[in-house]
Amino acid sequence: MCAKLSDFGLAKTEMLNIYEDMAMYLQQIVAQLQEMPQLGDLLNERIQEQLLGCINRIKAICPMLQRKHMKVAFFGRTSNGKSAVINAMLHERILPSAMGHTTSCFCQVEACGRGESAHVMIEHSEGEKLSIDSLRDLASAHSSQSLSAHRLLHVRWPSSSCNLLGHDVVLLDTPGVDVTAQLDECIDRHCLNADVFVLVLNAESTMSRVERQFFEAVAQQLSRPNLFILNNRWDVAATLEPHMEQLVRAQHTQRCLQLLIEELGIYSSVELARRRIFHVSALEALRLRQQQQQQQHAKRGEEESFRIPGGRQRYEEFLRFEREFASCITQSALSTKFEQHCAGAAEMLLMLQELLQQLGTGLTALGAEKTLAQAELSERFECWQVQIMQRQEELNLQLERLSEETTRLGTQLLQEQIQRLPAVVQQFRLPVQPQLQVPQELCNYQRLLGVHLEQLLLGQVEMQLWPVLQQKVSELQLQLHLESELPWQLYSPINCQLLMSDFQVDLQFRFSWGMAAIVQRICGKWQQRELPLKLPAIENCLLDTNNGSMASMLLLGGVLARSLSWRLLLVLGGMLGSFYVYELLSWTQPAQERSFKTQYTRHLQRRLRENVAQTATGFGQQVRQHLTHSMREFSAETEQSRSEITEELHTLKTQLETLENCQMKLKQLQLEAVALQQRITAFQEHYMPHNQRKSM
């Protein structure tokens with residue numbers, strides 16, 4: 001018996017460890033699920049209820065397993081002999097036992113600590129130890145110092161007197177269920193959590209309704225409780241006829257079987273139920289054991305006891321009760337109590353594994369969805385990048401073509417305006433006739449003329465060039481898919497004042513038939529025909545004299561005087577003099593202005609022709625610069641789109657990695673569930689072998 005009782009204690013400790021590990025395992029599951037926001041849609045209300053149900057079940061079972069002792073509650077009506085049965089099991093009369101209502105409160109008999117003597121402690125009395133003799137006053141309803149039925153007494157008794165106490169078994173004696181109606185709450189508090197119940201009946205009466213209701217409540221809460229039924233005071237049957245004794249015994253047995261099988265449903269087999277029904281006499285067994293402890297009276301006491309009819313059979317049945325009782329605490333409790341805990345733990349683990357498998361399947365489906373989205377986005381991103389590169393190359397080519405076209409068109413328009421320059425210059429008029437011989441007025445006139453030319457000629461270039469460029473630039477900006485066209489304005493890089501900075505006007509009178517004028521006209525014709533004629537020495541010689549026209553005339557007159565007659569020479573001289581006088585008189589301010597405009601036009605045309613290419617290239621560069629800015633904006637938008645797609649790909653990658661980590665964690669949790677299941681299986685194989693469970 002000792003080995004079996006020790007097995008029960010070890011089994012309870014191991015089962016407690018399993019449930020505590022399951023509690024930690026559940027906390028780990030809840031913590032892991034809270035750290036997985038990806039499971040938000042997968043954690044439905046049913047799964048949450050299942051987790052909460054497991055947590056509540058473990059919270060309810062762990063306190064029962066944490067209790068170190070095995071609790072046996074003796075239950076029955078007043079004066080049925082509950083205290084007498086406990087005294088007989090302890091081999092000593094320690095609990096008050098008499099006729100009528102004797103036990104006034106709950107008495108829990110348990111083993112003393114090492115080095116302690118027997119004593120009594122009142123619950124919630126701050127650990128005050130009372131003498132064992134005080135039990136007669138505190139627990140006896142016949143005493144004026146008795147405790148109320150709602151109190152609990154801890155009776156500490158040496159374990160050497162009883163093997164049961166030495167293996168953490170406590171025996172709970174209860175007041176009669178028929179003492180007071182207010183006792184139900186205390187009975188539920190002290191008795192419902194017992195490991196084994198002993199219903200003590202009076203063989204002279206029948207089972208009460210209160211006793212039946214209590215065990216119906218026990219059966220509903222604990223499911224298959226361990227219940228023994230003792231028909232006490234069976235020694236009274238010795239006065240009956242043998243035939244009548246058998247009938248009464250059969251009647252009591254039938255009622256007990258009906259309670260165990262039909263009403264409570266504890267046992268399905270009549271044979272198993274019969275092994276829980278006994279007919280004993282507790283006082284008779286106690287007297288015999290006390291006599292056996294007295295060595296000098298042991299033999300005679302045994303003989304006197306067995307002289308009573310049926311005494312040996314009743315004592316042997318009491319011994320059988322004790323054996324079955326001890327076996328129940330070990331075998332039946334292991335098979336029934338722990339089997340239920342094992343089945344409950346296995347059921348919870350199976351449910352948790354299915355839950356984790358369901359979540360894992362959901363994560364797998366979500367991972368497949370994210371993987372597909374990542375693959376599609378990567379493919380679209382690669383195609384988009386190829387399209388962007390092709391588009392940029394095409395736009396660069398269009399930019400080059402547009403710049404070249406702008407340069408060509410600008411060159412054409414500038415040349416046209418250069419051809420129109422003489423007419424435009426001649427159209428320039430001031431309200432007041434300028435005195436061009438005055439340097440200040442000449443400078444002001446030249447400045448105003450430059451402004452006039454810039455507004456007319458170059459303005460015409462911009463007006464003709466701008467609409468064409470604006471249309472082409474707008475088309476290119478539309479191809480760039482810009483939300484709004486960038487504002488810009490074409491400007492001319494030509495500055496007439498700067499171009500004419502080296503212009504030197506000559507407003508001195510020069511006779512048109514003078515040698516210098518003739519040479520200049522000849523040189524001008526040859527320059528227009530682009531002939532490589534070099535007459536700088538002759539021209540300079542003629543122009544450097546104080547009066548080139550007069551010198552040329554004298555020179556020409558000397559030559560003609562030798563070859564012509566004086567009359568003809570006189571006529572020619574008169575004609576030439578007349579022309580000279582006429583031209584001299586005609587050299588007025590308008591004539592000077594016309595001469596200035598002619599010289600100004602020639603010089604400006606030459607300088608403009610020299611800068612046509614540069615000016616036209618400037619137009620092309622303006623277009624290029626404006627479109628380059630648009631291209632930069634397009635590139636910035638493209639880069640932003642690339643960054644957004646890259647970030648989205650990175651997010652998908654991170655989500656996939658997180659899902660993989662979640663799946664690994666779920667698999668680890670499943671492995672831990674398998675490990676717990678293996679521990680439960682090992683527990684069943686060690687403490688509940690097949691033949692032992694079957695025998696129960």
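All residue numbers in this chain count up from 1 along the given sequence.
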Open item on the list: Show, in sequence, the C-alpha distance, side-chain angles and deciding distance for Arg607 and Glu610, and conclude whether the salt bridge (Lys or Arg N to Asp or Glu O under 4.0 Å) test is met.
Closed with: CA-CA 5 Å; Arg607 294 300 305 274; Glu610 293 176 353; 3.4 Å; yes
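- For the pair Glu382/Val386, no side-chain contact is recorded, criterion being any heavy-atom separation below 4.5 Å from C-beta on.
- Rounding to the nearest 0.5 Å places OG1 of Thr361 at 9.0 Å from CD of Gln663.
- Crowding of Glu644 atom CD: a count of heavy atoms from other residues, nucleotides or ligands under 6.0 Å exceeding 12.
- Rounded to the nearest 0.5 Å, atoms CD (Gln668) and CG (Leu356) are 11.5 Å apart.
- The closest side-chain heavy-atom distance from Glu400 to Asn396 is not below 4.5 Å.
- To the nearest 0.5 Å, atoms CD1 (Ile18) and OG1 (Thr13) are separated by 11.0 Å.
- Here the side chains of Val674 and Leu349 are not in contact, with every heavy-atom distance at 4.5 Å or above.
- Separating the CD atom in Glu672 from the CG atom in Asp21 is a distance of 10.0 Å, to the nearest 0.5 Å.
- Separation of atoms CZ (Arg606) and CD1 (Ile418) is listed at 12.5 Å; rounding is to 0.5 Å.
- In this structure, OG1 in Thr651 is found 9.5 Å from NZ in Lys370, a value given to the nearest 0.5 Å.
- A 4.5 Å side-chain heavy-atom check between Thr598 and Gln426 finds at least one atom pair inside the cut-off.
- Contact of the Leu669 side chain with the Leu352 side chain is not registered, since no non-hydrogen atoms from C-beta on lie closer than 4.5 Å.
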Open item on the list: side-chain contact (heavy atoms from CB on, under 4.5 Å) for Thr411 and Arg408? Distances and angles first, verdict last.
Closed with: CA-CA 5 Å; Thr411 302; Arg408 180 184 57 79; 5.8 Å; no
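- The side-chain heavy atoms of Arg679 and Asn17, taken from C-beta on, include a pair separated by under 4.5 Å.
- Proximity of Met22 to Cys54: side-chain heavy atoms (C-beta onward) are nowhere separated by under 4.5 Å.
- Between His603 and Phe503, the two ring planes are tilted [angle within 30° to 60°].
- Under 4.0 Å is where a charged nitrogen must lie from a carboxylate oxygen, and between Glu639 and Arg642 at least one such pair does.
- Closest non-hydrogen pair, Gln605 versus Pro422, comes out as NE2-CD, 3.2 Å.
- Remark: Glu379 CD is loosely packed, at most 12 non-hydrogen atoms of other residues, nucleotides or ligands lying under 6.0 Å away.
- Taking every heavy atom of both residues into account, Tyr25 and Ala673 meet most closely at OH-CB, 3.2 Å.
- Taking every heavy atom of both residues into account, Leu377 and Leu652 meet most closely at CD2-CD1, 4.0 Å.
- Between Trp384 and Thr638, some side-chain heavy-atom pair lies under the 4.5 Å cut-off.
- Pairing each heavy atom of Leu656 with each of Gly367, the nearest pair is CD2-O, 3.4 Å.
- Closest heavy-atom contact between Cys342 and Phe683: SG-CD2, 3.4 Å.
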